[in-house]
Q: 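Quick one: the structure is below, and I'll ask about it shortly.
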Amino acid sequence: MTQAPRPATEHGGVRAAARSYGAWLRDRVAASDPGLLRLAAGLRTVGAIALMLAVLSLLGADVSHLVAGAIAAMVATFAIREQQRGRQAVTLALGLPVALASVSLAALLSSRVLAGDVFFVALIFCAVYGRRFGDRGTALGLIGFQVYFLSLFVGVGTSSLPGYYGVIAVAFACSAVARFVLVPQTPTGILQRLRQAFRARLAQLLDVQLELLDAGPDDIDKAVARLREGTARLHETAMMIQGRLEEGTRDAAVARLVQRRIADAEIAAERLGLLLLTARSAERADTLTLHLPGAPLPQAGRLPVGDEALDTLRRDLPALRLLVRHPVAEDSGTALALVRNRLLGYREEENLPKASPPVQDVFRGVGEAARAVLGLRIALDGPPDESDDSPETARSREELDAEDAAIGGAEEDEEAGQEARGLRRPTTRAAVQVAVGSSLAIVGGELLSSNRWYWAVLTCWIVFLNTASTGEILVKGYRRLLGTVLGVVAGIVLAGLVGHHTWTAFAVVLLCVFAMFYTAPLSYTLMSFFVTAALGVLYTLLHTYSLSVLVLRVEETALGAACGIVAAALVLPVHTDRRTNELLATVLDRLTDVTEAALEQLSGGPPADLLDRARDLDQALADLRAATQPLTHPVTPLRTRRDTARYVVALLETCAYHARSLAATAELLPTHPSIAADPRLRRAGQRILHNIGAIAARVAQERSTAEVLTGPSIAALLKPGGPRTPRYGRVTDRVLRHLQRLDEAVVGLARPLGAPVAPPT
């Protein structure tokens, strides 16, 4: 972990130490919350609620109207997820009439139980079905449902409708002020903060790699676990940047340049970690070590101190981190230039120190990482001063300039897939399921309580949000129930502390709301905990608090989760196996696309849009990873199945890493002086592509007799007679290594996925 700088005690050093500590703190915050998205969401929602409370208190509103306004302001703020400010404003404006219509119908139907229940179910169906219309349809459906729930919660009647109309209008106005004035966010600003987060996480990963270099036998497992976590966090930030480049960058060429440099830096950092693992091991470290907890770790003792090469490496890793953390505008004279020149010099064989081959590989990795960081700094900050460039640095800069000139102009080749129709459409299926589950929740909830039955419906609705299979709904229902039980305990304590002190209670509610939104992307259990704790305080304000009410809240939550699970399991079910198989087939298809296109370009074929294909592969793998959570959850009783799912996902992550590396190398082909097309690579990759297709056919349960082929290494398939393979460390040799590891990982997928393997030939 990055250590905080020590305070300076010498005269004149306090100010420098304060600046250093401030930079360290900014890096920590940026790395923990990329783009400050969670912080902004919490502050925006709390700001909207606080502003609404201030306005209504000046107007003399009673507690019921304050509570309704707080909920309405919260809903109007968090429901809108669009990136462009103009679209956000339109959706917010459309949300107000939807909210007014919802509260009106809730008040009119409050005395007609059956009609009200039927309408509530119809509203739920429409709200979920509206997801097919994108972010705006999702937001309007969420506003309609939550405002109807608000009406049931505070007991809106027809006689009090005018007052609540005003409250909701004020809430939406306060939400707009909070969104566009108090806590403004633009796609450009978010992208800029995400770039800072990428830098911070890259620097943290280099710190972890330095720890790995010096970890003893007793600490190696912790160091590797931190290396996995740091690598995954860096990849997560890279994916977030790629998802916002189009909206946050006006120039498409600049967006593609940033995308390329982010990918280069990520791949170089991941490769450097793997080379360090190999240097720590008596044998070659398996790439799987980076992706699978429990994978074999390097069996070696502590590396000696006093070895000149290792001591140099211990100096160079912090120097590389320094290069990452300092933007071009902060270049400090020749000091940083000397550091940059020294690190880039490792790209030349004559500059490598005398050491064992694995340690020399690490120095090569440092040189390639320095080149990637130089490209990243140029893409994000502009070109630095070139007056102190060494010949190696000037050569690297020329390569980057040539690549920059070649980037852009490639049009995306998007295939228009056929969308499922009718009940097979995911939004339609989910709408039917949640409508059935909500009907069960209404019946069961009214048997438990005729006044609080809507809690069961709310839980049933929520467990269907952002879920696509029965297993995902089961896990989400379990987490919500756990968070609710813990929140009830907290609610009892908080209600006893605040009593009926209105403004103290609202202050506690605001803290809970902030914590709810700040922790929502991290833990659904924590989010449910803070929601329930806040509700305990709101019940106190409405003079309806009692221990029996909070216990009833737990019962209704358990009932709603059970109804959601039953509906998902019996009505148009999508079993976890089916869902994961579909996503697994998609990952294999994307892997084929990236590998085939990269090999074609490396073999002399026409250029293709490789980075976008690699991004599609990463997104498909992220979807698969999320879908396998029910299978890999710690409480699952199927231990063997859990281990198999983890192993398969880890192997696919290994495949994706090598495919990304091939794609990045192929993109260098037109401009890099050490890369030449080699037609033999097309032949060498045929077995890999065949094996991926055979495994995909097995996953799709197609009638295929294709078997997974094994045999000589990929390097052995390149028979003599073609162009000579360049010396070690050049790109063709690296391509062969990535192909070999990709071949091994693909063959490794055959056994857990049940694909037939042909005898070796």
Side-chain angles (χ1 to χ4, degrees), residues 37-38 40-57 59 61 64-107 123-124 126-127 130-131 133-154 156 161-185 458 461-462 465 506 509-510 512-514 516-518 520 527 530-531 534-535 538:
L37 297 178
R38 291 186 286 122
L43 291 177
R44 188 187 305 118
T45 307
V46 168
I49 296 174
L51 182 61
M52 187 279 314
L53 292 175
V55 172
L56 290 187
S57 63
L59 297 176
S64 296
H65 287 83
L66 291 176
V67 171
I71 297 176
M74 181 177 68
V75 172
T77 305
F78 80 76
I80 299 174
R81 299 296 178 89
E82 291 160 307
Q83 296 182 16
Q84 294 291 346
R85 290 163 64 87
R87 293 185 61 83
Q88 293 174 4
V90 172
T91 302
L92 189 62
L94 294 175
L96 179 58
V98 170
L100 296 178
S102 182
V103 72
S104 300
L105 290 169
L123 175 63
I124 291 171
C126 294
R131 297 181 201 171
F133 301 108
D135 289 337
R136 179 166 295 165
T138 301
L140 296 179
L142 189 58
I143 289 172
F145 171 83
Q146 293 286 3
V147 171
Y148 195 96
F149 169 82
L150 176 158
S151 306
L152 299 175
F153 183 70
V154 298
V156 177
L161 265 180
Y164 284 104
Y165 284 159
V167 166
I168 292 174
V170 171
F172 271 73
C174 292
S175 175
V177 172
R179 177 176 296 275
F180 300 117
V181 180
L182 299 181
V183 191
Q185 275 191 311
L458 179 66
W461 153 276
I462 287 178
L465 291 178
F506 272 120
V509 169
L510 289 177
C512 289
V513 168
F514 176 81
M516 175 181 68
F517 283 94
Y518 194 78
M527 188 197 75
F530 287 114
V531 168
L535 286 173
L538 290 179

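Residue numbers start at 1 and run along the sequence shown.
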Q: Does the side chain of Leu535 reach to within under 4.5 Å of the side chain of Phe530, using non-hydrogen atoms?
A: no
Q: Distance only, no hydrogens: is a donor on one side chain within 3.5 Å (strictly under) of an acceptor on the other, for Arg44 and Gln185?
A: yes
Q: Measuring from Ile143:CD1 to Leu94:CG, what's the distance to the nearest 0.5 Å?
A: 9.0 Å
Q: What heavy-atom pair brings Cys174 and Ala48 nearest, and what distance separates the two atoms?
A: CB-O, 3.7 Å
Q: Tell me the closest heavy-atom pair linking Leu100 and Tyr165, and the distance in Å.
A: CD2-CD2, 3.6 Å
Q: Between the side chains of Arg136 and Thr91, does any donor sit under 3.5 Å from an acceptor?
A: yes
Q: Provide the closest heavy-atom pair for Val46 versus Leu510 in the form atom of the first, atom of the second, distance.
A: CG2-O, 3.5 Å
Q: Could you tell me which non-hydrogen atom of Leu56 sits nearest to which non-hydrogen atom of Gly69, and how far apart they are?
A: CD1-CA, 4.5 Å
Q: Could you give me the CA-CA distance, side-chain angles and deciding distance for Thr77 and Thr45, then say whether side-chain hydrogen bond (donor to acceptor under 3.5 Å, both in side chains) is met?
A: CA-CA 6 Å; Thr77 305; Thr45 307; 5.1 Å; no
Q: Might you point out which heavy atoms bring Leu96 and Phe172 nearest each other, and give the distance in Å?
A: N-CE2, 3.5 Å
Q: Compare every heavy atom of Tyr164 with every heavy atom of Ser64, then report the nearest pair and how far apart it is.
A: CB-OH, 3.7 Å
Q: Any idea how Phe78 and Phe517 line up, ring-wise: parallel (<30°), tilted (30 to 60°), or perpendicular (>60°)?
A: tilted
